[in-house]
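Down below is the structure, laid out as structure tokens.
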Amino acid sequence: MEITSHWRIKKQRYALVGEVCPHCSAKIFPPRDICPECGDEAKDHYQFSGRGEVYSYTTLYNAPAGYEEQAPYTVAMVQLEEGPLVTAQLTDIDVKEPEVGMPVEMVTRKLGSEGDRGILIYGYKFRPVLETA
Amino acid sequence: MTEEHEQTIMQPKNPIGFVGYGAYIPRYRLPATEVARIWKGGAAGTPIDEKAVAGLDEDVITMSIEAARNALARAQINPSDIRAVWVGSESHPYSVKPTSTVVAEAIGATPHTLAADWEFACKAGTEAVQAAIGFTGSGMARYALAIGMDTAQGRPGDPLEYTAGAGGAAYILGPADESLAVVEGSYSYTTDTPDFWRRADEKYPSHGERFTGEPAYFHHITSSAQELMKALGTKPADYTFVVFHQPNTKFPQRVAKTLGFTPEQLEAGLLVPRIGNVYAGSALVGLTAVLDAAKPDDRILLVSYGSGAGSDAMSLHVTERVLECHKLAPRTEDYINRRTEIDYATYARFRGKLSQ
């Protein structure tokens, strides 16, 4: 991706900022011009809670170019509590740990870099909900 | 306050305090015995039990973001009301390109904010706190965010490798009447003392070995703590807790004793045996553990140390608000308890110590 492409989507990728449809109130992620639920125009920002659960997952041992540094890693479809299904890496797990239905929360982590001299790319991943006393 | 000290200690015109605080410590732990196994054949005393190590997808930017989100959860303010995002570290991921702009963007503090990265070895974080006290205390800003965070470096086989850990904390400074702990006064003691340094473009720091003790750590910490207490008219017995910079277990224990503090006053904030020396985050993450345990009316003395060299001392008075803040974000102990032990080989991979 070009620097400009990373720059344009930084809000959604750093903090899971999507949209809420002003017509049907559907929560939308990633943000887009037209609401996928009612077909009307969507534009109001919405901060997702970051909570959800694992809908499905798979572990990659042969990572594509640019992602080798963190392999092996697990990619999941996460059903956000507001509705949308998001694809993202799971983190703070060991590769055998995840299961369908596991509660997860969003964290902002390093996704990779554009080589040794390029920019560092940050964005959302999901981890098992932190246990608190 | 006596007239003689009017100019040495710092007190803002408007009363200021900590409105929110948040810790972050990564989940991986490298036992010190692993370092001894690789470099000393297992036959060496260890300065701590184990240290926290950042994962492959973690750095000072990601760790600062999580600590800042925890501080915001406790402050319960709108992030767009923050007018400064300042991050102190020895491990900024870029040489040129601020850590703080990424953090500010991720927490929703942009665009109406200052943002900058601070550098003063292990006291870059408390330096940012001092500046935030002045910035909010002058009325230029209602809230300012100051962070001390590190993924500390230690050359393979160097004594520093036992202790150089990862973690830190974020603090939101703001009006005293919204605070969980009010700043009673602060003081900075600085000299040119080359006890520890890292030249530009070098990967690992160098140090003056025994020189890092008496003329460096001990002199600066005792000088700043004594000067602040003298000016405020306080004594060690007035404090429920004391937190020092903690490069190993022995140094803070010894300086506490020298100054007249008891092991009980030191205990809650002494995290180094379990997470290592987290450099610019060291004293500040000790303080989050203390605030987790603090009750209204407790007094806390915080004394950082940064090589090069300097020490910031701050006297804090805890308010009623601390009780409601405890449960609004994960406690420091929650992060310490989230523990995955790794061996030296995994550590070498995580920390980029393998060359191909």
Side-chain angles (χ1 to χ4, degrees), chain A residues 3 6-17 45-51 60 63 66-75 88-97 105-114 116-133, chain B residues 23-28 54-70 72-73 78-80 92-97 99 101-111 151 292 326-342 346 349-350 352 354:
Chain A
I3 289 176
H6 291 298
W7 176 73
R8 278 192 196 97
I9 62 171
K10 61 182 184 289
K11 285 274 183 207
Q12 68 185 65
R13 212 162 53 185
Y14 288 172
L16 219 59
V17 175
H45 286 178
Y46 178 80
Q47 173 65 63
F48 280 82
S49 69
R51 289 184 293 273
L60 279 82
Y67 294 88
E68 303 95 330
E69 191 186 307
Q70 296 178 19
Y73 57 85
T74 299
V75 173
Q89 280 187 34
L90 298 183
T91 188
D92 288 354
I93 55 160
D94 297 318
V95 287
K96 287 181 186 162
E97 273 179 7
E105 61 189 3
M106 189 276 282
V107 288
T108 307
R109 293 289 174 90
K110 196 164 115 179
L111 301 181
S113 64
E114 306 246 294
D116 286 344
R117 299 178 65 181
I119 61 165
L120 301 169
I121 316 294
Y122 297 92
Y124 55 81
K125 293 189 179 184
F126 289 82
R127 73 170 174 210
V129 174
L130 189 78
E131 284 180 33
T132 54
Chain B
Y24 184 75
I25 299 159
R27 72 191 274 249
Y28 299 103
L56 285 168
D57 61 357
E58 295 185 289
D59 61 19
V60 163
I61 287 179
T62 67
M63 291 161 58
S64 296
I65 290 169
E66 181 152 346
R69 284 179 178 149
N70 288 335
L72 273 167
N78 190 332
S80 62
H92 292 292
Y94 287 95
S95 294
V96 178
K97 160 85 181 90
T99 296
T101 54
V102 187
V103 175
E105 192 79 54
I107 64 168
T110 52
T151 54
D292 286 339
H326 283 154
K327 288 192 169 170
L328 294 175
R331 297 173 317 137
T332 314
E333 200 65 30
D334 295 327
Y335 284 109
I336 295 174
N337 291 340
R338 185 186 66 144
R339 175 185 176 281
T340 302
E341 191 173 315
I342 56 173
T346 306
R349 182 188 174 198
F350 282 5
L354 301 170

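No hydrogens, no waters, no symmetry mates; every other heavy atom, side chains included, goes into these values. Since we're looking at a predicted model, the values are computed, not measured. Residue numbering restarts at 1 for every chain, and letters A, B, ... go by the order of the sequence lines.
No more than 12 heavy atoms of other residues, nucleotides or ligands shown are found within 6.0 angstrom of CD1 on A:Ile3. No more than 12 heavy-atom neighbours from other residues, nucleotides or ligands sit within 6.0 angstrom of OH on A:Tyr67. Residue A:His45 places its NE2 atom among 12 or fewer non-hydrogen atoms of other residues, nucleotides or ligands, all under 6.0 Å distant.
Note that the OG1 atom of A:Thr132 and the NZ atom of B:Lys327 stand 9.5 Å from one another [nearest 0.5 Å]. Here OH of A:Tyr14 is found 12.0 Å from OG1 of B:Thr62. Values are rounded to the nearest 0.5 Å. Between the OG1 atom in B:Thr110 and the NZ atom in A:Lys10 there is a gap of 7.0 Å [rounded to 0.5 Å].
Between B:Ala106 and A:Ala15 the shortest heavy-atom distance is O-CB, 3.5 Å. Of all heavy-atom pairs between A:Leu120 and B:Pro93, the closest is CD1-CB, 3.5 Å.
Side chains of B:Arg27 and A:Leu130 form no contact here, defined as non-hydrogen atoms less than 4.5 Å apart. Looking at heavy atoms from C-beta onward, B:Lys97 lies out of side-chain contact with A:Ile119 at the 4.5 angstrom threshold. A 4.5 Å side-chain heavy-atom check between B:Arg69 and A:Thr108 finds at least one atom pair inside the cut-off.
Chain A forms the most heavy-atom pairs under 4.5 Å with one residue out of B:Met63, B:Arg331, B:Arg349, and that residue is B:Arg349. Among the candidates A:Arg13, A:Arg127, A:Gln89, the residue making the largest number of heavy-atom pairs closer than 4.5 Å to chain B is A:Arg127.
In this structure, chain B has a heavy atom under 4.5 Å from the backbone of A:Glu131, while its side chain stays farther away. With a threshold of 4.5 angstrom between heavy atoms, B:Ile107 does not approach chain A through any atom at all. For B:Glu105, the parts sitting under 4.5 Å from any heavy atom of chain A are the backbone and the side chain alike.
Residues satisfying the side-chain hydrogen bond (donor to acceptor under 3.5 Å, both in side chains) criterion with B:Ser80, sequence neighbours excluded, are B:Asn78. The ring-ring contact (aromatic ring centres under 6.0 Å, His included) search around B:Tyr24 returns B:Tyr335, not counting sequence neighbours.
No option in A:Lys110, A:Gln70, A:Arg109 other than A:Gln70 meets the side chain to side chain contact (heavy atoms under 4.5 Å, CB included) test with B:Leu56.
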